[in-house]
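This report concerns only the one structure given below.
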Amino acid sequence: MIPLSWYLLVAALLFCVGLYGVVARRNAVAILMSVELMLNAVNINLVAFWRYGSVLNPGAPPIGWAWTIFVLTVAAAEAAVGLALIISIYRRRDSVIAEELDLLKN
């Protein structure tokens, strides 16, 4: 069995890659993809902690899986809405560079 620390290390690395993508990228689509990476890192943590807890307590309900499905559903909705907004902004401004998106400053 793989130790819990390995799962946590992979999730932390994935979260750091996503955080770097959010901070360093200028393209709004790349920022949206980086947020999705961060949410997937959270999902890995949820399932890993649930699995670790179910080994200690075999009758434990699958709460980690339930939260993971909930997070995936929210992430899918966030991606759909975010992509729709990015497409709308691209049609209006011909650019998806995050620094140029000052629509509320008119």
Side-chain angles (χ1 to χ4, degrees):
M1 188 166 138
I2 300 174
L4 177 66
S5 60
W6 289 13
Y7 288 109
L8 298 180
L9 181 65
V10 168
L13 291 174
L14 190 62
F15 191 86
C16 289
V17 168
L19 185 63
Y20 175 75
V22 168
V23 173
R25 299 288 177 191
R26 295 177 58 200
N27 190 341
V29 177
I31 293 171
L32 187 64
M33 289 173 28
S34 298
V35 169
E36 293 296 324
L37 277 176
M38 292 167 53
L39 288 172
N40 284 330
V42 170
N43 285 336
I44 290 173
N45 278 335
L46 286 171
V47 172
F49 279 121
W50 169 78
R51 182 68 183 146
Y52 181 71
S54 69
V55 168
L56 297 177
N57 183 9
I63 295 172
W65 285 107
W67 277 106
T68 299
I69 292 171
F70 178 72
V71 170
L72 284 174
T73 305
V74 170
E78 175 257 334
V81 171
L83 196 56
L85 287 171
I86 290 170
I87 289 171
S88 175
I89 290 170
Y90 178 75
R91 288 181 180 171
R92 186 172 186 183
R93 294 278 181 123
D94 292 330
S95 174
V96 290
I97 297 175
E99 295 167 353
E100 295 177 1
L101 302 179
D102 56 355
L103 295 174
L104 296 177
K105 288 186 177 181
N106 291 333

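Fair warning: this is a prediction, and the values are worked out from it, not measured in the lab.
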Evaluate the criterion side-chain contact (heavy atoms from CB on, under 4.5 Å) for residue pair Ile63 and Trp67; output intermediate values, then yes/no.
CA-CA 6 Å; Ile63 295 172; Trp67 277 106; 3.5 Å; yes
Show the numbers, then the answer: is there a side-chain contact (heavy atoms from CB on, under 4.5 Å) between Leu72 and Asn43?
CA-CA 8 Å; Leu72 284 174; Asn43 285 336; 3.4 Å; yes
Test side-chain contact (heavy atoms from CB on, under 4.5 Å) on Ile87 and Arg91 and set out the steps.
CA-CA 6 Å; Ile87 289 171; Arg91 288 181 180 171; 3.8 Å; yes
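In this structure, Leu46 is a member of the same hydrophobic cluster as Leu39, with clusters built from ILVMFWY side-chain heavy atoms closer than 4.5 Å. At a threshold of 4.5 Å between side-chain heavy atoms, the hydrophobic network of Ile, Leu, Val, Met, Phe, Trp and Tyr places Val42 and Phe70 in one connected group. In this structure, Tyr52 is a member of the same hydrophobic cluster as Leu8, with clusters built from ILVMFWY side-chain heavy atoms closer than 4.5 Å. Hydrophobic cluster membership is shared by Val74 and Val71, with clusters built from Ile, Leu, Val, Met, Phe, Trp and Tyr side chains linked at under 4.5 angstrom. Neither Met33 nor Leu13 shares a network with the other; the hydrophobic side chains, linked directly or stepwise wherever heavy atoms of I, L, V, M, F, W or Y lie under 4.5 Å apart, form separate groups for each.
The nearest pair of heavy atoms linking Ile44 to Ala11 is CG2-CB, 3.8 Å. Shortest non-hydrogen contact noted between Val22 and Ile31 is CG2-O, 4.0 Å. When all heavy atoms are compared, the tightest approach of Gly18 to Ser34 is O-CB, 3.3 Å. The nearest pair of heavy atoms linking Glu36 to Ala75 is OE2-O, 3.2 Å.
You'll find the side chain of Asn27 stays beyond 4.5 Å of the side chain of Ile97, heavy atoms only. Looking at heavy atoms from C-beta onward, Glu78 lies in side-chain contact with Leu32 at the 4.5 angstrom threshold.
Between the side chain of Trp50 and the backbone N or O of Ala66 there is no donor-acceptor pair closer than 3.5 Å. Of the possible donor and acceptor atoms, none in the side chain of Ser88 sits under 3.5 Å from a partner among the backbone N and O of Ala84.
For the atom pair CG (Asn45) and CZ (Phe15), the distance works out to 9.5 Å, reported to the nearest 0.5 Å. Atom-to-atom distance recorded for Arg51:CZ and Trp65:CH2 is 10.0 Å, nearest 0.5 angstrom.
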